[in-house]
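Every heavy atom of this structure was used, including side-chain atoms; hydrogens, water molecules and symmetry mates were not. Chain letters run A, B, ... following the sequence lines, proteins first and then strands; every chain starts at 1.
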Amino acid sequence: MEQVTNEEVAVLLYEIAFYLELSGDTFRPRSFERAARSIETLSESVMEIHRSQHIEGLMKIPFVGEGIAKKIDEKIRIGRVTQLEELKVRFPVRLSELLTVESVGPKTVRVLYEQLDIKNVEDLEKRAREGKIRSLPGFGNKSEEKILKGIEFLKACKGRQPLGTVLGLAQHIRDQLRFIEGVKSVVITGSLARGKETVEDLDLLAITSLPDVLVKAFISTSEAIHVYQKQNTRVSIRLKIELNANLRIIPEESFGAAQQYFTGSKEHNLALQRLAQDKGLKLNEYGVFSKDGQTIAGTNEEGIYTALGLPWIPPELRENLGEIEAAREERLPDLIKHGSLRGDLQTQTNWTDGKNSIEEMGKAARELGLQYIAITDHTRSLAMVGGLDESKIQEQGREIERVNRKLDGIQILKGAEVNILKDGSLDLSDDALADLDVVGAAVHTNFNMPQDEMTRRMIQAIRNPHVDIIFHPTGRIINRRPPYAVNMKKIIEAAKDNGTILEIDAYPERLDLKDEHIRMAVDEGVKLCIDSDAHSMAQINYLSYGITQARRGWASRNDIVNTMSLDELLKHLS
DNA sequence: GCCGTTTTCGGCCCGACTGTTTTCAGTCG
């Protein structure tokens with residue numbers, strides 16, 4: 001018997017769907033996808049259903065029939081699915097890898113494999129550089145160029161993973177190690193501690209009286225697949241998620257210095273070292289020392305900064321972008337704190353591409369201590385997810401009113417995520433927009449317009465008096481899609497002139513606005529909001545990534561509208 | 001392969017864009 005989570009079953013079904021699509025099957029892929037989505041949203045465990053009710057029970061899951069139920073049964077009983085194994089023999093390609101290249105889909109993978117024996121991205125790049133792709137039927141110079149561009153973009157992101165996929169795991173490992181015998185302290189350092197949007201590896205520091213025990217625990221974590229180096233005070237392992245994790249064991253007297261040093265950034269540290277030098281001091285990973293070698297600080301970070309004549313600087317600011325000067329002049333921003341949001345202004349439900357109902361999302365938000373949550377499903381031009389038209393929006397409004405009457409302790413706001421069309425108009429009538437509490441507008445189509453055209457398009461939406469917020473203003477997907485061309489300075493100016501809020505979308509793959517743009521907006525006094533963009537109950541937790549991102553952009557509580565009480569917010573929006 | 005029946009097989013979210021074609025296939029959202 002295999003232990004499998006619903007998530008793993010869903011991934012398996014998606015994988016089969018992709019291979020079926022590759023093999024030219026038209027409708028089965030849709031079936032497997034629908035079943036996968038259904039299992040993702042399921043509250044009961046598939047394992048548990050299988051244990052108590054076998055295949056018959058599985059068939060009661062929506063969109064799971066006999067065929068798919070048997071595949072799940074096979075996976076649980078023997079750990080693999082014959083059909084998928086056979087598909088992989090027939091098409092020995094690294095499908096998921098190839099599909100990450102933009103403009104490459106299953107059909108293209110098939111042609112590339114059959115005609116040029118391309119099995120992975122490396123083969124693909126080689127063949128494209130040799131000019132072999134352009135001579136394939138149905139391909140040309142442009143397709144070849146596009147593929148190479150896609151590979152370039154992929155390479156540029158390679159090895160760096162979104163904060164959101166790493167931070168939870170890092171915290172989990174840290175918390176496990178804290179309970180190991182002899183351990184006095186474990187902290188996360190590096191770009192992860194600074195909350196950078198992508199991270200290259202996971203760095204931990206620890207104090208322990210029993211180094212051997214801690215090292216052993218670290219390398220035997222269930223997340224590890226390989227041990228690179230193992231010394232008394234330093235170990236590196238490879239994690240399942242294709243990332244390295246490093247653990248250093250530090251003596252207590254220099255722990256603060258090490259924490260400061262390994263948190264970085266390099267630029268921040270170099271600037272601090274220059275500052276130390278000016279004061280006739282020496283700063284390194286062991287502490288702050290006087291000329292004659294006397295230890296001045298080292299046990300904690302505050303001490304290091306104090307010794308240099310500075311207040312402690314929050315890790316999110318340590319990029320040498322003016323924070324040291326600000327610290328010296330005692331004008332560091334009072335950064336927004338975790339836990340200070342009172343609401344969430346962008347969430348989707350099962351009325352479109354979300355997984356949960358309005359009521360479930362409301363309850364989940366209440367659980368997290370929020371006071372209000374806006375339901376902002378997609379509107380009609382996003383047909384793919386069943387975007388809502390005017391009458392559906394009205395119907396949803398009535399459902400929201402019903403849920404509001406039922407639930408105490410949370411207010412659900414009527415909203416929408418309207419699409420900004422090519423000409424800058426919106427895909428929902430002004431009358432419909434006027435009935436909503438929160439209108440977010442966003443670009444979802446026609447991504448590759450020239451910069452000035454895209455900027456004009458977005459500014460027109462900003463000027464629409466019904467639009468409260470511009471959602472994910474640059475449209476980027478980290479490691480997958482670059483931002484569209486837009487002049488952010490002009491957008492920020494327009495937002496300022498029209499009192500429009502710009503969003504910090506906390507969805508880990510978006511983090512949009514990015515830190516430098518947040519700082520530009522803050523400097524201009526433009527109001528921001530931090531939204532989860534949750535597509536399920538659990539994803540409302542993403543808000544914390546948005547707070548980290550806001551901190552990296554020097555934002556204070558006052559800059560973020562959803563720190564307001566509901567009354568204040570509604571007044572602000574009206 | 002699943003669903004919903006006009007219960008035993010037909011229909012399956014859709015629209016725009018792109019690059020290749022000269023009427024369309026594949027990708028993407």
Side-chain angles (χ1 to χ4, degrees), chain A residues 12-14 16-39 55 58-74 81 83-84 87 95 98-113 115 128 133-150 153 348 350-354 377-389 392 417-423 427 442-450 453-454 471-472 475-477 480-482 484 507 509-510 533 535:
Chain A
L12 169 79
L13 297 179
Y14 281 125
I16 296 175
F18 281 131
Y19 275 99
L20 285 172
E21 195 148 6
L22 175 69
S23 73
D25 205 320
T26 331
F27 294 111
R28 283 183 192 82
R30 300 289 84 74
S31 291
F32 277 89
E33 270 166 31
R34 275 202 313 249
R37 277 192 67 152
S38 170
I39 282 166
I55 292 181
L58 296 174
M59 285 173 65
K60 288 182 196 144
I61 301 168
F63 303 109
V64 175
E66 197 183 348
I68 291 179
K70 280 184 173 165
K71 307 248 184 311
I72 299 172
D73 170 68
E74 213 183 333
V81 175
Q83 186 190 18
L84 182 60
L87 283 164
L95 187 53
L98 283 164
L99 292 178
T100 59
V101 180
E102 209 173 349
S103 84
V104 175
K107 299 288 163 61
T108 308
V109 169
R110 179 173 186 162
V111 176
L112 293 172
Y113 168 65
Q115 304 284 325
I133 310 257
R134 71 185 80 158
S135 53
L136 290 175
F139 292 75
N141 286 340
K142 288 271 181 69
S143 329
E144 195 171 271
E145 255 169 52
K146 219 170 165 183
I147 285 172
L148 280 171
K149 255 172 106 179
F153 180 72
Q348 355 287 324
N350 56 10
W351 283 63
T352 58
D353 60 345
D377 277 300
H378 291 287
T379 46
R380 64 171 161 219
S381 69
L382 250 68
M384 163 225 186
V385 297
L388 312 180
D389 60 14
K392 275 277 181 190
E417 177 175 9
V418 298
N419 194 12
I420 306 174
L421 300 171
K422 203 171 178 175
D423 63 357
D427 69 340
V443 169
H444 290 105
T445 50
N446 307 92
F447 290 111
N448 29 11
M449 285 166 83
E453 239 175 274
M454 181 62 92
F471 284 163
H472 46 73
R476 67 151 178 189
I477 309 282
R480 251 195 19 237
R481 189 176 73 203
Y484 36 71
Y507 206 84
E509 294 182 334
R510 288 194 182 269
D533 201 351
H535 285 63

How far does the [atom1] atom of [N] sit from the matching atom of [M], given to the nearest Å?
{"N": "B/dT8", "M": "B/dC14", "atom1": "C1'", "answer": "29 Å"}
{"N": "B/dG10", "M": "B/dA16", "atom1": "P", "answer": "31 Å"}
{"N": "B/dT7", "M": "B/dG1", "atom1": "P", "answer": "23 Å"}
{"N": "B/dC17", "M": "B/dG11", "atom1": "C1'", "answer": "27 Å"}
{"N": "B/dT22", "M": "B/dC28", "atom1": "P", "answer": "24 Å"}
{"N": "B/dT27", "M": "B/dT21", "atom1": "P", "answer": "16 Å"}
{"N": "B/dC13", "M": "B/dC2", "atom1": "C1'", "answer": "15 Å"}

Ring-plane angle category for A/H444 and A/H378, please: parallel below 30°, perpendicular beyond 60°, tilted otherwise.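 Geometry flag for A/H378 against A/H444: perpendicular rings.
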Can you tell me the distance, in whole Å, between the [atom1] atom of [X] and the [atom2] atom of [N]?
{"X": "A/D427", "N": "B/dA16", "atom1": "CG", "atom2": "P", "answer": "12 Å"}
{"X": "A/K392", "N": "B/dC13", "atom1": "NZ", "atom2": "P", "answer": "15 Å"}
{"X": "A/R481", "N": "B/dT27", "atom1": "CZ", "atom2": "C1'", "answer": "13 Å"}
{"X": "A/F447", "N": "B/dC17", "atom1": "CZ", "atom2": "P", "answer": "12 Å"}
{"X": "A/E66", "N": "B/dT8", "atom1": "CD", "atom2": "P", "answer": "19 Å"}
{"X": "A/N141", "N": "B/dT20", "atom1": "CG", "atom2": "C1'", "answer": "12 Å"}
{"X": "A/Y14", "N": "B/dG1", "atom1": "OH", "atom2": "P", "answer": "19 Å"}

chi for B/dT7 classified (syn = within 90 degrees of 0, anti otherwise) as syn
Search all heavy atoms of A/V64 against all heavy atoms of A/I68 and return the closest pair with its distance.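 So the minimum-distance heavy-atom pair works out to CG1-CG2, 4.1 Å.
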For a quick test of reading the model, state the closest non-hydrogen atom pair linking A/S103 to A/T108 and the distance between them.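 Closest approach of A/S103 to A/T108, heavy atoms only: O-OG1, 4.3 Å.
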Side chain of [X], heavy atoms from C-beta onward: which of [options] has the nearest atom to it?
{"X": "A/S31", "options": "B/dC17, B/dT27, B/dC2", "result": "B/dC2"}
{"X": "A/N446", "options": "B/dG29, B/dG19, B/dA16", "result": "B/dA16"}
{"X": "A/F27", "options": "B/dG29, B/dC12, B/dG19", "result": "B/dC12"}
{"X": "A/F32", "options": "B/dT18, B/dG1, B/dT27", "result": "B/dG1"}
{"X": "A/K71", "options": "B/dG19, B/dG1, B/dC28", "result": "B/dG1"}
{"X": "A/I68", "options": "B/dG29, B/dT20, B/dC2", "result": "B/dC2"}
{"X": "A/R28", "options": "B/dG29, B/dG19, B/dG1", "result": "B/dG1"}

Are [X] and [N] close enough that a side-chain N or O sits under 4.0 Å from OP1 or OP2?
{"X": "A/K146", "N": "B/dT27", "value": "no"}
{"X": "A/R34", "N": "B/dC12", "value": "no"}
{"X": "A/T108", "N": "B/dT27", "value": "yes"}
{"X": "A/N448", "N": "B/dC17", "value": "no"}
{"X": "A/N419", "N": "B/dG29", "value": "no"}

Would you mind telling me which residue lines up with the more 5' stretch of DNA chain B, A/G67 or A/V104, judged by nearest nucleotide?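 Its nearest nucleotide being more 5', the pick is A/G67.
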Comparing A/Q83 and A/E144 on DNA chain B - which has the more 5′ nearest nucleotide: A/Q83
What is the nucleic acid contact for [X], judged by heavy atoms within less than 4.0 Å: base, sugar-phosphate only, or nothing?
{"X": "A/R480", "value": "nothing"}
{"X": "A/K70", "value": "nothing"}
{"X": "A/P29", "value": "nothing"}
{"X": "A/T445", "value": "nothing"}

Complement of B/dA16, any strand, by Watson-Crick or G-U distances under 3.5 angstrom: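 Paired with B/dT27.
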Out of A/V81, A/I61, A/I39, which one pairs with A/I72 under the side chain to side chain contact (heavy atoms under 4.5 Å, CB included) rule?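 Among A/V81, A/I61, A/I39, the one that satisfies the side chain to side chain contact (heavy atoms under 4.5 Å, CB included) with A/I72 is A/I39.
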If you round to the nearest 0.5 Å, how far is CZ of A/R510 from CD1 of A/I477? 4.0 Å
So how far is it from A/L84 CG to A/Y19 OH, rounded to the nearest 0.5 Å? 7.0 Å
Would you call A/K142-A/E145 a salt bridge at under 4.0 Å N-O?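 Salt bridge between A/K142 and A/E145, a charged N being under 4.0 Å from a carboxylate O: no.
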Verify stack between A/F63 ring and B/dC2 base, 5.5 Å, 30 degrees: no
Give the C-alpha distance, both sets of side-chain angles, the deciding distance and a yes or no for side chain to side chain contact (heavy atoms under 4.5 Å, CB included) between A/Q83 and A/K70. CA-CA 11 Å; A/Q83 186 190 18; A/K70 280 184 173 165; over 6 Å; no
